[in-house]
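Written below as structure tokens is the structure these notes are about.
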Amino acid sequence: MPIIAVMASCLAFLASCSKDEALAPDFTISVTPGNVAVGEAVTIRIDGSAETFSVFTGDAGSDYSKSHASINEGKDIDAEDYWLPADRVDAVMELVNTPIDWHNEKALTDQGLPVVNKDAVRAAVVAMADIHFDNAELIRTRFMSIVLALSDAKQLSQQFMAFCQNNNAVHTPEGGYAKGHAVDRYLRTLVYSYSAPGTYTITVVGTNTGRKLYNGDGYKTNMVTQANEYGYARLIRTFTITVSN
């Protein structure tokens, strides 16, 4: 093979290896028998490959539509949303009024302490009301900068968080997320029996992970939960089964 062709081949290989994207899983599923009675064993077989397999049997507690992956699909689960509602400004001022009074009383005899103006503090709190911050630390730090002259500014900033609204992207459903059954990637078989009659959708999720998503200090910008630290590729297969009495 010509040297140029060899170099081109190597470069193409290195380029493919440098990608953060995970390889797409490739598999099919079979369920036998397709119709069963309560308590009768059903065998779910997976033909193909993925790094991890999870089988949602479709019954209570294992319904894929109520799983973390389904409910939060397409959401940035590292994103947070904090803000101080305008109607809670008065409550925040009640929090800081007494500490400001104590501070100003001490400032009368200690020339090194600046007098804190309550009207100025209120104006600053009003100015930050209804502004949305990407995470809790940002809004806490913003408030702390307003009361920084007070000796207990850090403690006040922590108490201030109780007045803030939190609208995180991820919301756990009542009763918690549905869970899948882990299946060995080599055996790729799950034997299961249902405890109640009905029609159930069996969902098999195969996942491959990519390389770590480095950025700056080694993590994604503004990472909070670290749940999206790795890229991944996912394939979902379904099968509907009827369970009779």
Side-chain angles (χ1 to χ4, degrees), residues 20 60-61 63 65-179 212-232:
D20 291 326
D63 180 354
S65 67
K66 298 178 182 179
S67 68
H68 186 288
S70 177
I71 292 174
N72 298 301
E73 182 180 5
K75 297 179 181 178
D76 181 358
I77 62 176
D78 289 328
E80 293 183 304
D81 184 15
Y82 280 86
W83 73 95
L84 173 70
D87 61 4
R88 297 184 186 178
V89 170
D90 288 342
V92 172
M93 290 309 298
E94 290 180 10
L95 171 69
V96 299
N97 276 336
T98 298
I100 291 176
D101 288 340
W102 288 345
H103 173 89
N104 287 342
E105 183 176 348
K106 186 176 180 180
L108 293 175
T109 57
D110 187 342
Q111 299 302 315
L113 291 178
V115 174
V116 175
N117 186 306
K118 282 186 182 180
D119 291 336
V121 170
R122 183 181 184 86
V125 174
V126 169
M128 73 176 292
D130 289 332
I131 295 178
H132 290 247
F133 294 79
D134 289 341
N135 59 63
E137 187 61 18
L138 287 176
I139 192 170
R140 188 193 70 80
T141 302
R142 172 72 173 271
F143 177 75
M144 185 173 174
S145 69
I146 296 173
V147 295
L148 194 58
L150 304 179
S151 60
D152 50 357
K154 183 175 182 180
Q155 180 181 346
L156 290 172
S157 70
Q158 293 169 341
Q159 294 172 328
F160 160 79
M161 295 303 298
F163 301 103
C164 295
Q165 188 76 29
N166 176 11
N167 185 28
N168 284 6
V170 179
H171 297 281
T172 304
E174 185 176 353
Y177 290 112
K179 299 182 183 299
K212 198 170 188 177
L213 301 177
Y214 287 100
N215 188 331
D217 61 355
Y219 295 94
K220 288 181 64 181
T221 303
N222 295 329
M223 178 168 288
V224 178
T225 65
Q226 298 186 9
N228 282 344
E229 189 175 342
Y230 293 84
Y232 65 89

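For reference, positions follow the sequence shown, starting with 1.
The line from CG of Leu138 to OH of Tyr82 is 11.0 Å long, rounded to the nearest 0.5 Å. The NZ atom of Lys66 lies 9.0 Å from the CD1 atom of Ile71; values are rounded to the nearest 0.5 Å. Separation of atoms CE (Met93) and OG1 (Thr98) is listed at 10.5 Å; rounding is to 0.5 Å.
When atom types are taken as modelled, the side chain of His68 and the backbone of Ala178 share no donor-acceptor pair closer than 3.5 angstrom.
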Between side-chain atoms of residues 143-164 and protein atoms elsewhere (two or more places apart, or another chain), which donor-acceptor pairs fall under 3.5 Å?
unit_1, atom_1, unit_2, atom_2, d
Ser145, OG, Arg142, O, 2.5
Ser157, OG, Arg140, NH1, 2.8
Ser157, OG, Lys154, O, 2.6

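Trp83 pairs in a side-chain contact (heavy atoms from CB on, under 4.5 Å) with only one of the listed residues (His132, Arg88, Met128), which is His132.
Nearest heavy atom pair, residue Ile139 against residue Leu84, reads CD1-N, 3.8 Å.
In this structure Ala86 satisfies the side chain to side chain contact (heavy atoms under 4.5 Å, CB included) test together with Ala129, Asp130, sequence neighbours excluded.
Note on residues 108-126: pairs passing side-chain hydrogen bond (donor to acceptor under 3.5 Å, both in side chains), not counting sequence neighbours, are Asp90-Arg122, Asp101-Lys118.
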* To do: Decide side-chain contact (heavy atoms from CB on, under 4.5 Å) for Ile100 and Val121; before the verdict, give the C-alpha distance in whole Å, the side-chain angles of both, and the deciding distance to 0.1 Å.
  => CA-CA 10 Å; Ile100 291 176; Val121 170; 4.1 Å; yes
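Asn104 places a side-chain heavy atom less than 4.5 Å from the side chain of Val116.
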